[in-house]
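These notes concern the structure reproduced below.
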2 protein chains.
Amino acid sequence: MSAIRVLLADDQALVRGALAALLSMEPDLDVVVEVGRGDEVVAAAREHRPDVALLDVEMPGLDGLSAARDLVAARLGCRILMVTTFGRPGYLKQAMSAGASGFVVKDTPAKQLADAVRRVHQGLRVVDPALAADSLTQGDSPLTERETDVLRAARDGGTVADVARELFLSEGTVRNHLSSAIGKTGARTRAEAVRVAVENGWLPPS
Amino acid sequence: MSAIRVLLADDQALVRGALAALLSMEPDLDVVVEVGRGDEVVAAAREHRPDVALLDVEMPGLDGLSAARDLVAARLGCRILMVTTFGRPGYLKQAMSAGASGFVVKDTPAKQLADAVRRVHQGLRVVDPALAADSLTQGDSPLTERETDVLRAARDGGTVADVARELFLSEGTVRNHLSSAIGKTGARTRAEAVRVAVENGWLPPS
DNA sequence: ACCCGGGCATGACACTTGTCATGCGCCGGG
DNA sequence: CCCGGCGCATGACAAGTGTCATGCCCGGGT
């Protein structure tokens with residue numbers, strides 16, 4: 001049986017190269033293409049036909065979760081293993097519903113990565129157990145779409161007026177949504193609500 | 001001449017292992033020890049006597065900058081190459097004044113890492129040129145020590161009252177420091193000031 | 001047909017925040 | 001020596017924020 005063809009997507013060139021070095025030490029794995037942006041994943045996959053795609057969640061252009069969705073939609077028979085720095089409970093759920101077969105965080109031992117790739121290639125699911133537990137406990141985002149929008153717009157420290165202008169809403173409405181988001185997150189200020197939402201993966205960071 | 005002995009410190013096991021794989025492909029480099037926490041660096045160095053220490057800035061236990069300071073203080077004749085995810089201008093300055101010989105960000109090409117290690121080992125300085133330029137433009141933190149304290153305490157979304165309690169200050173004083181920090185950062189709200197300060201490396205993240 | 005939840009809005013209220021003036025004590029440089 | 005910057009504080013004011021009640025419109029369930 002021929003080597004497993006791997007696509008590698010991570011925005012940090014150093015990490016990407018290092019992962020390539022790590023995987024290329026395994027004789028049955030073959031890194032056939034590397035990309036540094038989420039929006040290059042599908043094209044690269046179409047060209048190089050990998051068996052497994054290793055996708056980082058945090059990437060410029062298009063985040064890894066959306067890239068995973070697109071990759072599944074492209075129907076290239078390529079299985080997906082998400083890799084991420086942050087063990088946000090929400091990410092796991094989103095990744096799985098996006099069609100990923102596996103999810104590992106960047107502080108799992110290096111030895112296990114190759115194995116995870118092999119497992120995913122065999123059609124098995126690979127999930128960090130601790131994270132899976134969190135994810136079950138956690139449940140979905142309690143925020144409505146609009147609340148999420150408002151919270152995201154307020155993320156960088158803008159005032160109510162800024163948010164209202166950005167979303168074409170009245171200031172009062174923005175305050176209502178914020179208030180409701182603050183309530184649902186158990187926070188006491190807007191900033192705290194943002195922090196909680198980001199930590200749970202209900203809101204994209206940065 | 002014998003191989004260059006390298007110490008590797010990074011909190012993410014996967015990245016650490018991958019970097020080790022990358023470096024071990026070079027015949028003249030030898031990764032003699034890996035650690036995952038900043039406070040294990042000095043002890044590991046004492047035991048394994050590396051020629052070059054590769055330190056991540058973001059680490060639990062003790063951040064990479066402090067670890068670098070300690071390592072220099074230990075006088076083990078070990079040169080330091082900082083590696084970081086974030087190209088915060090402030091980090092470079094702090095790293096250099098901590099006694100590091102080099103500073104690379106994680107999106108430099110993987111090929112260059114081994115070279116950087118060799119350069120540092122030879123006593124040369126290695127600095128990302130783009131970052132160096134930023135650092136010069138940027139200048140030091142305009143914030144006083146107290147302003148930094150207050151901003152840090154307000155980072156996670158606490159109220160003025162919370163900060164005042166935490167720092168044993170009057171609420172009015174906290175507001176004054178915050179106001180001054182907001183002015184100096186060119187921000188318009190506390191949250192924005194925090195964001196600006198973190199992005200410039202004037203305030204540690206998370 | 002009915003009700004309920006979400007989105008949107010207004011208006012009002014209490015509270016928090018940001019700003020400013022002012023004052024005091026301390027320290028270090030011209 | 002005196003001045004300026006910093007830390008700390010108070011008090012007051014304006015602006016921004018969080019909460020609540022209330023209302024309207026819509027779409028999806030029972």
Side-chain angles (χ1 to χ4, degrees), chain A residues 90 93-94 97 139-200 202-204, chain B residues 90 93-94 97 138-204:
Chain A
K93 193 158 294 191
Q94 287 180 258
S97 78
D140 267 350
S141 171
L143 304 173
T144 66
E145 191 183 339
R146 220 50 181 152
E147 284 159 3
T148 308
D149 289 344
V150 170
L151 215 49
R152 178 172 43 241
R155 196 182 39 196
D156 297 337
T159 68
V160 169
D162 294 337
V163 175
R165 228 172 299 120
E166 195 177 329
L167 299 180
F168 305 102
L169 290 177
S170 125
E171 296 195 12
T173 303
V174 170
R175 283 213 290 269
N176 285 341
H177 284 314
L178 275 177
S179 181
S180 148
I182 289 171
K184 287 178 179 175
T185 52
R188 268 158 45 254
T189 60
R190 165 194 336 207
E192 214 178 334
V194 167
R195 190 171 54 76
V196 171
V198 169
E199 278 171 6
N200 286 318
W202 299 335
L203 202 61
Chain B
K93 192 159 296 191
Q94 288 179 256
S97 78
Q138 195 67 54
D140 266 349
S141 168
L143 304 174
T144 66
E145 192 184 339
R146 221 51 181 147
E147 284 159 3
T148 308
D149 288 344
V150 171
L151 216 49
R152 179 173 42 241
R155 199 181 37 194
D156 297 337
T159 67
V160 169
D162 294 337
V163 175
R165 227 173 299 121
E166 194 175 331
L167 299 181
F168 305 103
L169 289 177
S170 123
E171 297 196 11
T173 303
V174 171
R175 285 213 291 270
N176 286 341
H177 285 313
L178 275 176
S179 181
S180 149
I182 289 170
K184 287 178 180 175
T185 51
R188 268 158 43 254
T189 59
R190 165 194 333 209
E192 214 178 334
V194 167
R195 189 171 55 76
V196 171
V198 169
E199 278 171 5
N200 286 315
W202 299 335
L203 201 62

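Letters A, B, ... mirror the listed sequences (proteins, then strands); counts begin at 1.
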### Message
Check the phosphate of D:dT10 against B:S170, side-chain N and O only, distance under 4.0 Å to OP1 or OP2. Yes or no?
### Response
yes
### From CG (A:L169) to CZ (A:R175), nearest 0.5 Å
12.5 Å
### Task
Would you please confirm or rule out a distance under 4.0 Å between OP1 or OP2 of D:dT17 and any side-chain N or O of A:T189?
no
### Query
B:L169 CG to D:dA9 C1': how many Å, rounded?
10 Å
### Message
Side-chain N or O of B:R146 versus OP1/OP2 of D:dC6: is the shortest distance under 4.0 Å?
### Response
no
### Task
Whole angstrom is fine here: how far is it from CD in B:E147 over to C1' in D:dC6?
9 Å
#### Entry: side-chain hydrogen bond (donor to acceptor under 3.5 Å, both in side chains) partner of A:E147, the single match among A:R152, A:K184, A:H177
A:K184
## Note on the structure
dist A:L178:CG -> A:R190:CZ (nearest 0.5 Å) comes out at 5.0 Å
### Query
When all nucleic acid strands are considered with a 4.0 Å heavy-atom cut-off, which category describes B:R190: base, sugar-phosphate, or nothing?
sugar-phosphate
### Task
Can you measure from CD (B:E145) to CG (B:L143) and round to the nearest 0.5 angstrom?
11.5 Å
### Query
For DNA chain C, what residues of residues 155-167 of chain B have any heavy atom nearer than 4.0 Å?
B:T159, B:V160
### Summary
One should read off an interatomic distance between A:T185 OG1 and A:W202 CH2, to the nearest 0.5 angstrom, of 7.5 Å
### Query
Within the pair A:T144 and C:dG7, is there a side-chain N or O less than 4.0 Å away from OP1 or OP2?
yes
#### Entry: Minimum side-chain heavy-atom gap B:L167-B:V174 below 4.5 Å
no
#### Entry: Any B:I182 side-chain heavy atom under 4.5 Å of B:T189 side chain
no
### Task
Supply the atom-to-atom distance B:T173 OG1 to B:R146 CZ, rounded to the nearest 0.5 angstrom.
9.5 Å
### Query
Which distance, rounded to the nearest 0.5 Å, do you find between the CG of B:N176 and the CD of B:E171?
12.0 Å
### Task
Figure out the CG/P separation between A:L143 and C:dG5, and round it to whole Å.
18 Å
### Task
Could you identify which residues of residues 171-185 of chain A place a heavy atom less than 4.0 Å from some atom of DNA chain C, listed by residue number, or say none?
A:G172, A:T173, A:R175, A:N176, A:H177
